[in-house]
2 protein chains.
Amino acid sequence: MFVNGVNIRHDERVSARQTAPRTRYHHGDLRNAMMEAGVELARTGGPEAVVLREVARRVGVSATAAYRHFSDAEELLEEVKHTALAELADALITAVAAVPADGDPPDVVVARLRAAANAYIDFAVRNAGLFLTAYCRTASPDSKYEGEPFADTDAFRALSGLLDQAVEAGCISPEWRAGADIASWSMVHGFATLLADGPVGRHLSAEAQAFAQERTVELLLRGLTASE
Amino acid sequence: MFVNGVNIRHDERVSARQTAPRTRYHHGDLRNAMMEAGVELARTGGPEAVVLREVARRVGVSATAAYRHFSDAEELLEEVKHTALAELADALITAVAAVPADGDPPDVVVARLRAAANAYIDFAVRNAGLFLTAYCRTASPDSKYEGEPFADTDAFRALSGLLDQAVEAGCISPEWRAGADIASWSMVHGFATLLADGPVGRHLSAEAQAFAQERTVELLLRGLTASE
DNA sequence: CCTGGTAAGTTGACGCCGTCAACATCGAGC
DNA sequence: GCTCGATGTTGACGGCGTCAACTTACCAGG
């Protein structure tokens, strides 16, 4: 796995280190333990580093023990994925909450949107592995939320709330509210992806990346708040 | 692999079909043949369907024969990836060329930008496998173009040209030109990704997707052409 | 026209992976 | 205190990428 030219491929898989030989035959909390080990793997190596056998090794348990708690290697990955998604949402919500709420409502809400956008991107850069895992492919349509789109991502709900506030504050004309959520998400997500995993992150200097980020976020805000 | 709820996972791998038992011991054009087989696999199954042994099987050759032409399974993937990128660029350039050039220059250039954006997204939807392959992770920094960012993607150069035209035509203020390329790319790419591989494609009805696409593209154009 | 060297394929093996069937161990409730 | 189900283990299988050693076919130079 390449992130900004630094090879953080999971090949110090020499590991095999298990935290402790584990005295009791039964682990007691294996499902959680495997999840956490999986998250750790994902954090440093992205989704393809979440390898069932390695997870088992780290927890100090045989590979097949996993099958008592997960139907599949895929199910483990999905669990990890949800955790990653939740962590992303956390970062986003925290950043928004940190924006001072005094001042003109329009200014505040724009500042919040900006903070959210930057938090999303920063998360993707700082936690590339987790970010990629959050959006990695998993065969099953990860929705207990069929039809109710994105209900599983708190991040998306936070964004929606912000946009509603923006309409209230008069920053966004009501007839442009619909679809603004997905559009905003697309832009930020696209930039984050191109940065964490793609050509932007690979080819651009740090300053160039920062400039591109600022421009991208401002372009989004311009589009959202354009008077026309 | 799930694309919009349709499982196109590469599990009709029953294949093993080799086009013909191949009479001559030497293939003659194995490198190309493997590439093409790889592209076909990628088209229907995404990057993870590009499996060295299966490619060899399809071409009717032993697995290790690949090593006479590729240093690595990764190198094969990368070759396929470049082909996918090229195909995407083609679709984009063709769509732009199809826009009638008569009329007010500003209108024309906006129409071209819109066409490019929609072509990009449409390609991602119609050729999800290839699209995902075009942007899939490959360990090596796929740049003979180190530092000269994106020079390997004709699609990006086409976009840059369009934006230059837009400045000329007075649609984009010159001081907003810098970074507009990456920002535009981000938005379209993000939407395409969310659609081809992510929650948008999985959870939204076709009409909802179309609406979201239109809104996303228009929001981008608004941001680019905003007067202020 | 032979001949030898090298490019292009082959076979068999290795260690990784996910997964299955069969067996072992523990602990909760009769 | 026994039993039985939940939880772990072992060993095996086939698929993967890759390596070393072997074979085949072509092409140049005599």
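We name chains A, B, ... by the order of the sequence lines, and we start the count at 1 in each one. Side chains included, hydrogens not; waters and symmetry mates left out as well; all remaining heavy atoms used.
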Flag the pair B/E54 and B/R57 as a salt bridge only when some basic side-chain nitrogen lies within less than 4.0 angstrom of an acidic carboxylate oxygen.
yes
Base of C/dT11 paired with side chain of B/S62 (donor-acceptor, under 3.5 Å):
no
Excluding sequence neighbours, so at least two apart, what forms side-chain hydrogen bond (donor to acceptor under 3.5 Å, both in side chains) with A/E218?
A/R114
Non-neighbouring partners of A/D122 that pass side-chain hydrogen bond (donor to acceptor under 3.5 Å, both in side chains), sequence neighbours left out:
A/Q213
If you find the nucleotide of DNA chain D closest to A/R53 and the one closest to A/A66, which residue's nucleotide is nearer the 5' end?
A/A66
Polar pairs (N or O, both sides) under 3.5 Å between protein and nucleotides 23-27 of chain D?
unit_1: D/dT23; atom_1: O2; unit_2: B/Y25; atom_2: OH; d: 3.3
unit_1: D/dA25; atom_1: O4'; unit_2: B/H26; atom_2: NE2; d: 3.4

Residues at least two apart in sequence or cross-chain that pass side chain to side chain contact (heavy atoms under 4.5 Å, CB included) with A/A89, listed by chain then number, are A/D154, A/A155
Under 4.0 Å between a side-chain N/O of B/R31 and OP1 or OP2 of C/dG9, yes or no?
no
Could you work out which one of C/dA21, C/dG18, C/dC17 sits closest to the side chain of A/T64?
C/dA21
Note: for A/L52 and B/A65 on DNA chain C, the residue whose nearest nucleotide lies more 5' is B/A65
Does B/R68 make a side-chain donor-acceptor contact with the base of C/dG9, cut-off 3.5 Å?
yes
Rounded to whole Å, the CZ-P distance (A/R57 to C/dG15) equals 14 Å
Which atom pairs, one a donor and one an acceptor, fall under 3.5 Å between side chains of residues 128-136 of chain B and the rest of the protein, sequence neighbours left out?
unit_1: B/T133; atom_1: OG1; unit_2: B/G129; atom_2: O; d: 2.7
unit_1: B/Y135; atom_1: OH; unit_2: B/Y120; atom_2: OH; d: 2.8
unit_1: B/Y135; atom_1: OH; unit_2: B/W185; atom_2: NE1; d: 3.4

Rounded to whole Å, the OH-P distance (B/Y67 to C/dA7) equals 20 Å
Considering just the side-chain nitrogens and oxygens of B/H69, establish if one lies under 4.0 Å of OP1 or OP2 belonging to C/dG9.
yes
Write down the distance between CD (A/E75) and P (C/dG18), rounded to a whole number of angstrom.
15 Å
Test of understanding: with side-chain hydrogen bond (donor to acceptor under 3.5 Å, both in side chains), list the residues that count as partners of A/R215, not counting sequence neighbours.
none
In whole angstrom, what separates A/L77's CG from C/dT19's P?
11 Å
Please name the residue in the list B/R112, B/R177, B/R157 that meets the salt bridge (charged side-chain N to carboxylate O under 4.0 Å, His left out) test with B/D164.
B/R177
